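This structure is a prediction, so every number in the text was calculated from the model and none was measured.
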Amino acid sequence: MSPFSLKRQLTAWGSALLVASTLSACHNRSPANDERASLEKPRPAAQTESAARAPEHEEFTSDRDSAEPSVGAATLAGAPPAAPSLAMPMQPAPAPEAAKKVSRSKAELHRREPGPAKPSADALAGAPLESKPRDAAPAGGNTFEAWKANAFVETAKDPLSTFAADVDTASYTVSRRYLVNGQLPPASAVRVEEFVNYFKFRYAPPETGAFAVHLEGAPSPFDSKRHFLRVGVQGKVVSRSQRKPAHLVFLVDTSGSMHSEDKLPLAREAIKVAVKNLNENDTVAIVTYAGNTRDVLPPTPATDVKSIHAALDSLTAGGGTAMGSGMEMAYRHAVKKASGSVVSRVVVLTDGDANIGRNVSANAMLDSIHKYTAEGVTLTTVGFGMGNYRDDLMEKLADKGNGNCFYVDSLREAKKVFETQLTGTLEVIAKDVKFQVEFNPAAVRRYRLVGYENRDVADHDFRNDKVDAGEIGAGHNVTAVYEVELTGEATEPLATVRVRAKAPNGTEASEREFPFERTKLRDTLAQASPDFRFAVAVAATADVLRDSPSAEGWSLATAEKLAEGATEGDADRKEFVRLVTQARALKGASVRGR
């Protein structure tokens, strides 16, 4: 080839590369525009990706680790129909142009600078570098806190497992919405305890005291060398007529991000459901926040439905999101009526997208309202919508605000949360509830608590009554599942379960102790109660969906069969079976796409 020909060919190659790079640059969009486009114009499900999972030492800018294709919900056998509701379908995240992986150390991840008008990951998580949670992981515009799954512990080295009670359910509802819309939920969105505690179990109520403890165990359906143990707590039931008067301050996000039908319009209907289920001595106030805060309704008797509905129907979405300022105003209202004889609670309804104002992070908000929390005001956070949902912020606020975290994706779910669950949380029967299970080394070789990673309590703090823990409301279930390896030798108890809690208005805790006798251990899984089998099926499904190393090799088909035989005619349980069927199909599509 002559020098002239070679030069001409190199010039042609260079021109081609220049054109390609120019075209690529022209088609790049900012993340904000990508998210907006995904909300305005949904892609076909087959073209979308599921949301990102954040590994401990790496950050992925793709929606899922391997950019596998998703499958539309309508194409899946056994896919559950969407519940009748006002909710619009969740818009899938935009497909990434490439799965770019940037390796960073854990410390570097925590030192990332915030983008425009966004808090840093440090501010969102509010966690020191040495703590267990990973960075808040964006998943298609939604943000979740990733927690490292509990590993097995050698009983001889550490026989104590200590954690706080949790009755939140947001993780299950969020994950259900992903599955119904043909996507696997991000691993960081799955919290096992919130999956399990979404369901009601038929535990006998206490004959005396605030709660009863129910223990049961049986062989694992996934590993013949292991067993599952279940610790179940049932709170006493307080009738609607017996509970204390309640003062509810509804703090409603009316910023521009709340405009869609599954956000502000659904939030308005949810509050109407709540008001319908209040007593004649209850009062309601409404505060809104967008670019600024506004008193929409002063404390008003719950019986004045006309005034409350008129105030709700006047709400419209627009502006920025000064969530911190709104929280402070709502708490100032709530604390005026807080007393031992009145339940005073702030109920915040939002997508969690706080981006302006003095207090943007959860920690900053809590610092500003800490004095109100100390005076007895509790907090319920209720999440709405997808695309910019801040699950990490919502959960942290609820945990630190002595309350509960829910997610509403439909009018059906709104009725469940605001008719049943919110009513239960209004009457707190025990606060700062901690569990400590002491395993017997002679009977249990190894154990792991399935879930509750973000509710971990240091063993030495079990009897430190200054350490904050969870609350149990009237009629609530709390369930924890352990996976264990038995020694196969001892006939003595497997463990001792201790529960420590304070009275609703108390400052000092009392403690009760329950032996986990061998008689509670069934010889076969079939001999276990339907509640036990269903709890194991739910915990196992969640463990698989979050890619827990201990659940590697577990079969969703086994979990589905186990749950199917324990539905007991319950509609929520039947829906769960359909969701597992859908998850199996999506998992299969994920594997085929690699």
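- Neither side chain, Asn454 nor Glu145, offers a donor N or O lying under 3.5 Å from an acceptor on the other.
- For Ser175 against Ala189, the heavy-atom pair with the smallest separation is OG-O, 4.0 Å.
- Tested against Asp465 for a salt bridge (charged side-chain N to carboxylate O under 4.0 Å, His left out), the candidates Lys502, Arg500, Lys431 yield a single pass: Arg500.
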Would you please test Asp523 and Arg518 for salt bridge (Lys or Arg N to Asp or Glu O under 4.0 Å) and show each step?
CA-CA 10 Å; Asp523 292 331; Arg518 301 288 291 208; over 6 Å; no

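- Remark: the Thr378 side chain and the Glu471 side chain contain no N/O donor-acceptor pair separated by less than 3.5 Å.
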Between Glu511 and Arg463, does a salt bridge (Lys or Arg N to Asp or Glu O under 4.0 Å) hold up when you go through it step by step?
CA-CA 9 Å; Glu511 184 176 322; Arg463 295 186 176 91; 2.8 Å; yes

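- Counting heavy atoms from C-beta outward, Gln183 and Leu586 have side chains that stay 4.5 Å or more apart.
- Side-chain N/O atoms of Tyr482 and Arg230 include no donor and acceptor closer than 3.5 Å.
- Residues Val273 and Ala414 come closest through the heavy atom pair CG1-O, 4.3 Å.
- Shown here for Ile429 and Gly473, the closest heavy-atom pair between the two residues is CD1-O, 3.8 Å.
- In terms of heavy atoms, Ala443 sits closest to Pro493 at CB-O, 3.9 Å.
- Put simply, CD on Glu193 and CG on Leu449 are 8.0 Å apart, with the number rounded to the nearest 0.5 Å.
- Contact check for Arg498 versus Arg512: no side-chain heavy atoms found under the 4.5 Å cut-off.
- In this structure, the side chains of Arg243 and Asn279 come closer than 4.5 Å at one or more pairs of heavy atoms.
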Between Glu453 and Arg191, does the salt bridge (Lys or Arg N to Asp or Glu O under 4.0 Å) criterion hold? Intermediate values first, please.
CA-CA 8 Å; Glu453 287 82 9; Arg191 294 183 289 275; over 6 Å; no

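- Atom NZ in Lys200 sits 11.0 Å away from atom CG in Asp572 (nearest 0.5 Å).
- Rounding to the nearest 0.5 Å places NE2 of His227 at 11.0 Å from CD of Glu485.
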Under the salt bridge (Lys or Arg N to Asp or Glu O under 4.0 Å) rule, what do Glu568 and Arg533 come out as? Steps first, then yes or no, please.
CA-CA 11 Å; Glu568 298 277 277; Arg533 286 182 273 123; over 6 Å; no

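- When side chains are defined from C-beta on, Phe439 counts as touching Val484, because their heavy atoms get closer than 4.5 Å.
- By the 6.0 Å and 45° rule, Arg455 does not stack over the aromatic ring of Phe163.
- Considering only residues two or more places apart in sequence or on other chains, Phe195 meets the ring-ring contact (aromatic ring centres under 6.0 Å, His included) condition with Tyr172.
- Rounded to the nearest 0.5 angstrom, Arg390 CZ and Glu395 CD are separated by 12.0 Å.
- Checked for salt-bridge contact, Arg202 and Asp531 meet the test: a charged N lies under 4.0 Å from a carboxylate O.
- Side-chain contact, Ser550 with Glu483: no donor N or O sits under 3.5 Å from an acceptor N or O.
- Leu184 places a side-chain heavy atom less than 4.5 Å from the side chain of Leu545.
- Environment of NZ in Lys415: sparse, with no more than 12 heavy atoms of neighbouring residues, nucleotides or ligands closer than 6.0 Å.
- The backbone N or O of Asn464 lies less than 3.5 Å from a partner atom in the side chain of Lys434, making a donor-acceptor pair.
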Take Thr541 and Leu579, measure what side-chain contact (heavy atoms from CB on, under 4.5 Å) needs, and give me the verdict at the end.
CA-CA 10 Å; Thr541 298; Leu579 291 178; over 6 Å; no

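- A donor-acceptor contact closer than 3.5 angstrom is absent between the side chains of Arg445 and Thr155.
- A donor-acceptor pair shorter than 3.5 Å can be found between the side chains of Asn142 and Tyr178.
- Cation-pi check for Lys416 over Tyr198 is met; the charged atom lies under 6.0 angstrom from the ring centroid and within 45 degrees of its normal.
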Worked check of side-chain contact (heavy atoms from CB on, under 4.5 Å) between Val192 and Arg546:
CA-CA 9 Å; Val192 177; Arg546 68 171 179 163; 3.5 Å; yes

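- Taking Thr558 as the reference, Pro221, Phe222, Ser555 meet the side-chain contact (heavy atoms from CB on, under 4.5 Å) condition, with sequence neighbours excluded.
- A 4.5 Å side-chain heavy-atom check between Leu525 and Leu562 finds at least one atom pair inside the cut-off.
- Every residue two or more places apart in sequence or in another chain that forms a side chain to side chain donor-acceptor pair (under 3.5 Å) with Gln436 is listed here: Thr162.
- Salt bridge Lys400/Asp468: absent, no basic N to carboxylate O contact under 4.0 Å.
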Working note: Arg448 + Val450, criterion side-chain contact (heavy atoms from CB on, under 4.5 Å); need CA distance, chi angles, decisive distance, verdict.
CA-CA 6 Å; Arg448 74 175 180 107; Val450 188; 4.1 Å; yes

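- Between Val213 and the choices Phe514, Phe435, Tyr203, the side-chain contact (heavy atoms from CB on, under 4.5 Å) rule is met once, by Phe514.
- Distance check: Ser220 OG to Trp554 CH2 gives 6.0 Å after rounding to the nearest 0.5 Å.
- In terms of heavy-atom proximity, Asn477 sits nearest to Phe201 at OD1-N, 2.6 Å.
- The shortest distance between side-chain heavy atoms of Thr380 and Arg345 falls below 4.5 Å.
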Applying ring pair (Phe, Tyr, Trp, His ring centres under 6.0 Å), run through Tyr407 and Tyr389 and close with a yes or a no.
CA-CA 10 Å; Tyr407 177 82; Tyr389 177 57; 5.0 Å; yes

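- The structure places NZ of Lys236 at 12.0 Å from CD1 of Ile472, a figure rounded to the nearest 0.5 Å.
- The aromatic rings of Phe534 and Phe576 sit perpendicular, their planes meeting at an angle over 60°, well past the 30° parallel limit.
- In plain terms, the two heavy atoms of Pro219 and Thr524 that are nearest each other are CD-C, 3.7 Å.
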Report the C-alpha separation of Leu379 and Asn402 in whole Å, then their side-chain angles, then the decisive distance to 0.1 Å, and conclude whether the side-chain contact (heavy atoms from CB on, under 4.5 Å) test is met.
CA-CA 6 Å; Leu379 175 68; Asn402 290 343; over 6 Å; no

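- Put simply, the side chain of Glu413 reaches to within 4.5 Å of the side chain of Val417, judged on heavy atoms.
- In terms of modelled atom types and a separation under 3.5 Å, the side chain of Asp570 and the main chain of Arg573 share a donor-acceptor contact.
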